[in-house]
Amino acid sequence: MNYWLVKTEPESYSIDDLAREKNKRTCWDGVRNYQARNFMRDDMRVGDLVLFYHSNANPPAVVGVAQVVREAYPDPTAWDEDDSHFDPKSSPENPRWVMVDLQFQQKFSAPLSLQSLRSVKALQQMELLRIGSRLSVQPVRKSEFETILRLATK
DNA sequence: GCCAACGTTGGC
DNA sequence: GCCAACGTTGGC
């Protein structure tokens, strides 16, 4: 099993939005970064657990956990001219971008702020904490995932 | 709102 | 294929 972290701006889509969805699941569309896409397309598997991160939030924080419930398939928002993530180079015949389905699993009783995570020794290598890290879909080590769960349920 | 750190684009 | 210009991300 693999572990991941996805970023979202809560103003546009928050963990509460996910929890409110029918069946508590949604398609994770709109990813337009090749590295992030490749992680979703090549390595994300049903059952993988995903840390849910609120960026551009106050404070920016890991706020809960979701689970992959469907593996990568074409992202139709890429060929929707009215969508803010429209990409003229993608088409139904030749889709360039993919999405996965995520299902809500839990919301932490208290968010784990970016600042608080920076002081955790076991997380020093985390991609999220790297200066200038912008990847919106990123792998998380098992030990890191477990450390964060432990912090969240303390 | 600023701006540093990235990623992408496109001329050459 | 280099790299300058530009656009975006995201913490602060």
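Distance CD (A:Gln138) to P (B:dC6): 13 Å, rounded to an integer number of Å. Atom P of nucleotide B:dA4 and atom CZ of A:Arg130 are separated by 18 Å, given to the nearest angstrom. If you take CD of A:Gln35 and C1' of B:dC6, they are 11 Å apart, rounded to a whole angstrom.
Annotation: side chain of A:Asp87 is in contact with side chain of A:Trp97 (closest heavy-atom distance under 4.5 Å). A 4.5 Å side-chain heavy-atom check between A:His54 and A:Glu9 finds every atom pair outside the cut-off. Residues A:Tyr53 and A:Pro60 form a side-chain contact, since some pair of their non-hydrogen atoms from C-beta on lies under 4.5 Å apart.
When the side chains of ILVMFWY residues are joined at heavy-atom separations under 4.5 Å, either directly or via intervening members, A:Trp4 and A:Leu49 end up in two distinct hydrophobic clusters.
Not a single donor-acceptor pair under 3.5 Å links the side chain of A:Ser116 to the backbone N or O of A:Leu112.
In this structure, A:Arg70 satisfies the cation-pi test against A:Tyr73, with its NZ or CZ atom closer than 6.0 Å to the six-membered ring centre and inside 45 degrees of the ring normal.
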Write down the protein N/O and nucleotide N/O pairs, taken from nucleotides 8-12 of chain C, whose separation is under 3.5 Å; answer none if there are no such pairs.
| from | atom 1 | to | atom 2 | distance (Å) |
| --- | --- | --- | --- | --- |
| C:dT8 | O2 | A:Arg134 | NH1 | 3.2 |
| C:dT8 | O2 | A:Arg134 | NH2 | 3.3 |
| C:dG10 | OP1 | A:Lys7 | NZ | 2.9 |
| C:dG10 | OP1 | A:Arg134 | O | 2.9 |
| C:dG11 | OP1 | A:Tyr53 | OH | 2.5 |
| C:dG11 | OP2 | A:Asn56 | N | 3.0 |

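Across the interface with DNA chain B, nearest-nucleotide mapping of A:Tyr34 and A:Gly132 shows A:Gly132 to be the residue nearer the 5′ end.
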